[in-house]
Amino acid sequence: MTGGRSHLVWWLLVGATLLFLFAPVAVVLLFSFNAASTTSLPFAGFSLRWYERAFGDHQFVVALLNSVKVAIVVAIFTAVVGTSAAFALSRRRSRWLDLFSSFVTAPLILPTLFLGIALLSFYTQIGLRPWLGTAMIGHALVTLPFVVLIVNARLMRLDRSIEEAARDLGATPFQSFRLIVLPLVAPALLGAILIVVAWSFDELVITFFTSGGDATLPVRIWGMLRRGIDPSVNAMASIILLTTIACTLLAGRFISGREIAR
Amino acid sequence: MAAERLGPALPVQESAEVTVGRPATPAWAPTAAQLAPALLFLLVFLVGPVAVFFAYSFWTVKAYDLVPAWTLENYQKALTEPIYLQLFAQTLVTAGLAAIVTVVIAYAFAHAIRFHLRRYQEALLLLVIVALFSGYLVRIYAWRTILGDEGIINQALISLGLIREPLSFLLFSRIATTIVLVNFLIPLAILPIYAALQNVRDEEIEVARDLGATPFGAFWRVTLPLAWTGVFAALGLTFIIAAGDYVTPQLVGGTSGSMIGRTIASTFGTAFNWPLGAALSFLTLVFVLVLLGLVKVGSERVLR
Amino acid sequence: MGTGTGRVTRDDPAGEAAIAVEGVCKRFGTTTALDGVSLRVEPGTFVSLLGPSGCGKTTLLRIIGGFEHADAGSISIHGVRVDRLPPNRRPVNTVFQRYALFPHKSIFENIAFPLALQRVPRAEQRARVAEMLDLVRLPGIEARSPAQLSGGQAQRVALARALIGRPRVLLLDEPLAALDLKLRKAMQLELRRIQEELGTSFLYVTHDQEEALTMSDWIVLMSEGRIAQQGTPAEVYERPANVFASGFIGEANLLPGIVAATDGTTARVRLADGGAEVTAPANGVRSDQPVVVSVRPERLRIGRAGSANGAENRIPGRLTRRVFLGNIRREFVAIGPDLVLVAQRGVDAEPIPNGEPVEVSWQAANTILLPDEGASHGG
Ligand SMILES: Nc1ncnc2c1ncn2[C@@H]1O[C@H](COP(=O)(O)OP(=O)(O)OP(=O)(O)O)[C@@H](O)[C@H]1O
Ligand SMILES: [Mg+2]
């Protein structure tokens, strides 16, 4: 039957696309373990020397710690502020709330270059010296919609009467939130937080313009790239990749792809 | 019978006489309180920066200092000097090309997992999301290793005996810029298209086929119009992001593959001309939005 | 205005009602969900709120429960104004249509939830949950999770959870709507048994008139945000106050006509279709008033033309169709060009072939005259 053959065609298409998407990722991961000091074929054997070199680099370690700091602060901030906003959006329908939704998602559709230099202009204008903290603000701006959208989607699926039942049985608004609603949206929130961490860990452009001299991991790599190729960049890049891939796969355990796709 | 315990029905009172027991706080108060932190944050750190940035586009730079001159000089410069005009054109062509290629591939992918590989759609979608969040900078520079003179493709072709000299147009060219843009934009485009295709019900396509439409006819007349909002969203998003990108042209574009983003970034770096950079940024957005508006109007005509 | 919550206002001179609703209005945008509703639920009774879909039953229940706020009017529960109290501070509990069990908690944790909030000692919690599960006849299922329950079991657990705090008033919003017919019948009896056992006042929303008639002490019939009639099941069934009530509760033949003559106690009505005359208790109608004659199918008798039986009203007609419904038989008799009466007879009554001329007869006392609201604005 033609069904089987057309199935194959679709698989080829999907497979080719995925190959195209993951080829650069695979290349970086592979070369990070290559013993040779040029990033070209043929493969010279397995080695961890680039990882050793990376961790021996003081600036790299500082950048890694900065990345972790930024990710943690941004995740906590967006989790609290975003969950609260998601609640407001799920409670009632109104044109104002729709407007707010578009407002929250706006940073997602602006180029990060635009946001980065706009933020830099703003900080300069109000006399705020760029440092790691100002970079966190930029990260929060872009990642806030992830939390709002994902948590809101879960809340919308939650039967309102479950919450009303809790209130009816004597729970205060806070008790019904803590004992009933929060445990039920926690998986979605956790998934959203992992997405936020993945995005933050990978972010270059906004951070580059708004962190002053404080480098995160991608900013450090960016700086090294401009000074010529050093294979330990592959090891550093692999650390970013492994972190973000792990976070996203883990997020996939808590939220379905469809929820992210909206 | 228990009914004997019941009193007579109350006479129905005029409702206007009994006045209102409104709750002490208005119903929207909790909503406002829950929204307040996010709203405040966005007002300060989104509206504020965009406003300042817009204002800067009317300022000038004198002796390495920003001067609020309130002039149209920057816009004038951006719209008259050939170097900027050429960069705008190059940017719109490259970004437009990248967006179109991206959306075509993304549509095919989304279509495949939505209609033909349904059993695996959750897993395949997760892979797309992994790709979306796995490496922006890393991904771009990896392409240097793939496309360079010493890169994987050239080495493979040479060792297969297909070429003698490396194909040097692969890197530092418009082709390189386009390939790399498409590479990181595809996941971004798949998600809205997939979401839109989810809203196309199978019956709608089946009805069209039942009424004699060919597979392509059903796609063109039924599926695509129904999914068009998603497809257009993907097109718009990828076009804007491609047009505003500067890491790609910087790392793999060379001169022929350069784009306006690179120039804008340099006005905020070594060139130190923030007002000009601001004007170039807003002009880029305007051009992109105008083009997208034209596409929208045109597509609504065609897909009627 | 502005005084704190919990202000006590006694405004029910006829004695303390379990629920007293007065003049409640509620609008959603342009739709008026409730338009001046007043009702009382006497302590310890089972009151049904009955009406077609969209008439405002749920809205009224949610206002009493504290989930919506009325635009006007007042709500008192056992003499205490509760209008400004949040749901958790109102002495009522609600059983929701879709159970609303907490999916992440065990059955025990679900039922003990109100007790846990009040920090009742664990041992007492266990005893009272067991007691409640006995009451709803599901002993020993404490450790299960809500996902492991059938619909009927889930609804019993929801009931146990709503009752464990010993509310004096329980609100139920179509709690049986999601159950199949057989289970629904069984649960109706269960609910009534539990209500009588505990002496709790029940306000029970349903759009199933049969359910309301079998379960309740008192029926409140709603239509389009207003109360159309209230009374005991017998009253609303036997003496519908208007065409709506007559059509909604039980089944009725509704025949429009004009009052030809009346002496204050009985009236003669000329039917609009076919021109036959009908005698009925006057029920306050005036001469020449457009009315609707209402007769229940089971009050009609069908016999061959001319058979004597002492009924005042007799109309000739023709048998057109019959339907068997278990142990009763439903006959359709054409008495005018467009007018068909429905009668109900036992299966063992004398069979008459279709198409035969027959005579439909019934007693004047079983006839109800209702003002025709469609023709002149009364009521
Ligand atoms: N939150 C709301 N927003 C807008 N309109 C509403 C809302 N809740 C109820 N309504 C409207 O108010 C009217 C009464 O609704 P309600 O739910 O009280 O009806 P009901 O008698 O319970 O009907 P059903 O038997 O279908 O449950 C309907 O017209 C409904 O559309
Ligand atoms: Mg309802």
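As a basis for the values below, the full set of heavy atoms in this structure was taken, side chains included, without hydrogen atoms, waters or symmetry mates. Throughout, a chain's letter reflects where its sequence line sits, starting with A, and its residues are numbered from 1.
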> Please look at Ile109(A) and chain B and tell me whether the side chain, the backbone, both or neither of the residue comes under 4.5 angstrom of a heavy atom of that chain.
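Contact with chain B: backbone and side chain both.
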> Quick one: side chain to side chain donor-acceptor pair (under 3.5 Å) partners of Ser176(A), sequence neighbours excluded?
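Ser176(A) satisfies side chain to side chain donor-acceptor pair (under 3.5 Å) with no other residue.
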> Kindly assign one of parallel, tilted or perpendicular to the pair His111(B) and Phe115(B), based on the angle between their ring planes and the thresholds 30° and 60°.
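His111(B) and Phe115(B): tilted rings.
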> Below 4.5 Å from any heavy atom of chain B, which atoms of Val14(A) appear? Answer side chain, backbone, both or neither.
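Looking at Val14(A), backbone and side chain both touch chain B.
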> Where on Leu115(A) is there a heavy atom nearer than 4.5 Å to chain B: the side chain, the backbone, both, or neither?
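Contact with chain B involves the side chain of Leu115(A) alone.
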> For chain B, which candidate among Leu21(A), Val81(A), Leu110(A) shows the most heavy-atom pairs at distances under 4.5 Å?
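Heavy-atom pairs under 4.5 Å are most numerous for Leu21(A).
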> According to the ring pair (Phe, Tyr, Trp, His ring centres under 6.0 Å) rule, which pairs have a member within residues 78-110 of chain A, sequence neighbours left out?
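Output for this query lists Phe87(A)-Phe177(A).
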> Against chain B, label Ala106(A) side chain, backbone, both or neither, depending on which of its atoms sit under 4.5 Å from a heavy atom there.
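Side chain only.
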> Between Tyr141(B) and chain A, which part of the residue has a heavy atom less than 4.5 Å away: side chain, backbone, both or neither?
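Interface part for Tyr141(B): side chain.
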> Side chain from CB out, backbone as N, CA, C, O: work out which of these in Leu42(B) comes under 4.5 Å of a heavy atom of chain A, or both, or neither.
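Answer is both: backbone and side chain atoms of Leu42(B) are under 4.5 Å from chain A.
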> Verify salt bridge (Lys or Arg N to Asp or Glu O under 4.0 Å) between Arg262(B) and Asp245(B), making sure each step is shown before the conclusion.
CA-CA 8 Å; Arg262(B) 205 169 153 183; Asp245(B) 194 47; over 6 Å; no
> Pick one of side chain, backbone, both or neither for Ile264(B), based on which atoms fall under 4.5 Å of a heavy atom in chain A.
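The side chain, not the backbone.
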> Among Ile190(B), Leu251(B), Ile113(B), Val180(B), who wins on heavy-atom pairs under 4.5 Å with chain A?
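Looking at each option in turn, the highest pair count goes to Leu251(B).
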